[in-house]
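Shown next, in structure tokens, is the structure this report addresses.
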Amino acid sequence: MTLKNRCLYVLLFFSTISLSACFEVIEEINVHKNGSGNMTVTLNLSQSKTKLSSVMLLDSINGYKVPDKVQIQRNLNEAVAILKKTPGISSVKHRVDFENFIAFVSFSFEKVDNLNHLSKIIYEKLRIKPTGKSLYNFDTRTQLFSRNYTYAQEAKSAYMKLKEADKQVFKNASYTCIYRFDSVVKQSTNKQAKLSGTKKAVMLHTSILDLINGRANITNQIQLVNN
């Protein structure tokens, strides 16, 4: 299942189940002045929890084998094990709520650049082809946070190969990224992004279909007030 870059490793755990449900992906990154911080990726399928509870009772759906809770937890544990061994990554936490069908993984990083290294490792270990490539950077001297996103045409090609029933999964699927900082945001270059009331957080919300089809660009340069 090919979805948004970087949250793919969470989606993998629910990839078969979510073929019958709408979902929301939320990526949160908190960055401190020294470049360290933490990241949380959440996959929320709670809007379809009644349907998913029924799906979990089946052996397969739309030709896909439905994993049981043990298999899903095992996949999540394997990805978490990779995170714990990654240089610059610590305080790894994860949880799967099978009642509301919400999964999340969170961890701390020593510097923003660790996220780029992490992405490469996760994709290689889990053999996932991303829908695009994101490169993160944070200049502690100028207090400039950047995310450069490059769309991959292969994402749309993979989507077009799906069965029509499976394509419906993406109809209402959404992606939200939230960046939080210690300092006030002076400027954000992505016109679709919204600044919080405190001016210390930036949020960008889009549909996953727009990401797959290349209609959305999540590249952003966020300049903080450098005190």
Side-chain angles (χ1 to χ4, degrees), residues 2-11 25-42 82-83 86-89 105-126 128-159 173-196 199-226:
T2 313
L3 301 175
K4 168 68 194 66
N5 179 38
R6 201 168 300 283
C7 51
L8 287 179
Y9 64 93
V10 176
L11 294 175
V25 177
I26 304 172
E27 178 184 284
E28 302 172 75
I29 299 178
N30 301 309
V31 182
H32 302 306
K33 290 184 178 181
N34 65 357
S36 66
N38 58 76
M39 179 177 185
T40 300
V41 181
T42 303
I82 295 173
L83 286 173
T86 303
I89 301 301
V105 175
S106 67
F107 55 88
S108 297
F109 52 83
E110 292 181 0
K111 55 183 180 178
V112 171
D113 288 357
N114 291 143
L115 300 179
N116 301 325
H117 180 58
L118 171 65
S119 176
K120 183 175 183 295
I121 291 176
I122 292 297
Y123 294 150
E124 289 178 350
K125 296 296 183 181
L126 299 184
I128 299 172
K129 181 179 292 185
T131 63
K133 183 177 181 180
S134 281
L135 290 177
Y136 292 87
N137 182 261
F138 183 67
D139 189 326
T140 56
R141 183 180 59 84
T142 62
Q143 293 292 293
L144 176 66
F145 173 88
S146 63
R147 177 179 189 170
N148 294 311
Y149 175 77
T150 304
Y151 170 67
Q153 182 63 41
E154 293 82 358
K156 185 174 182 179
S157 298
Y159 170 76
S174 66
Y175 166 74
T176 301
C177 61
I178 302 171
Y179 309 112
R180 299 187 182 92
F181 306 95
D182 294 339
S183 303
V184 170
V185 174
K186 183 178 180 180
Q187 181 182 21
S188 173
T189 60
N190 192 307
K191 301 303 181 183
Q192 302 304 313
K194 296 182 179 180
L195 186 63
S196 69
K199 296 185 178 181
K200 291 186 176 182
V202 175
M203 181 185 76
L204 179 63
H205 180 81
T206 187
S207 74
I208 287 182
L209 262 182
D210 282 347
L211 286 169
I212 290 175
N213 291 310
R215 293 192 295 263
N217 191 334
I218 53 180
T219 291
N220 204 354
Q221 309 288 323
I222 302 174
Q223 178 63 62
L224 306 178
V225 173
N226 194 358

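Along the sequence shown, residues carry numbers from 1. Side chains included, hydrogens not; waters and symmetry mates left out as well; all remaining heavy atoms used. None of these values were measured; they are calculated from a predicted model.
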Next on the checklist: Taking ring pair (Phe, Tyr, Trp, His ring centres under 6.0 Å) as the definition, give me every residue that meets it alongside Phe145, ordered by chain and number, with sequence neighbours left out.
Outcome noted: Tyr179, Phe181
Next on the checklist: If we ignore hydrogens and angles and just use 3.5 Å, is the side chain of Asp113 paired with the main-chain N or O of Leu135 as donor and acceptor?
Outcome noted: no
Partner set under side chain to side chain contact (heavy atoms under 4.5 Å, CB included) for [X], not counting sequence neighbours:
X	value
Lys156	Tyr151, Gln153, Met160, Asn213
Asn30	Asn38, Arg180
Ser188	Ala193, Val202, Asn220, Ile222
Ser157	none

Next on the checklist: When you compare the side chain of Tyr175 with that of Glu27, does any pair of heavy atoms fall below 4.5 Å?
Outcome noted: yes
If I take atom [atom1] from residue [X] and atom [atom2] from residue [Y], how far apart are they, to the nearest 0.5 angstrom?
X	Y	atom1	atom2	value
Ile178	Met203	CD1	CE	6.5 Å
Leu144	Lys186	CG	NZ	11.0 Å
Gln187	Gln221	CD	CD	9.5 Å

Checklist outcome for this item: Heavy-atom closest pair (Thr206 atom, Ala216 atom, distance to 0.1 Å) is OG1-CB, 3.5 Å
Item to check | Closest approach of Asn217 to Asn190 (non-hydrogen atoms, all atoms of both residues) | outcome: O-ND2, 2.9 Å
Checklist outcome for this item: Sorted by chain and number, sequence neighbours left out, salt bridge (Lys or Arg N to Asp or Glu O under 4.0 Å) with Asp210 holds for Arg215
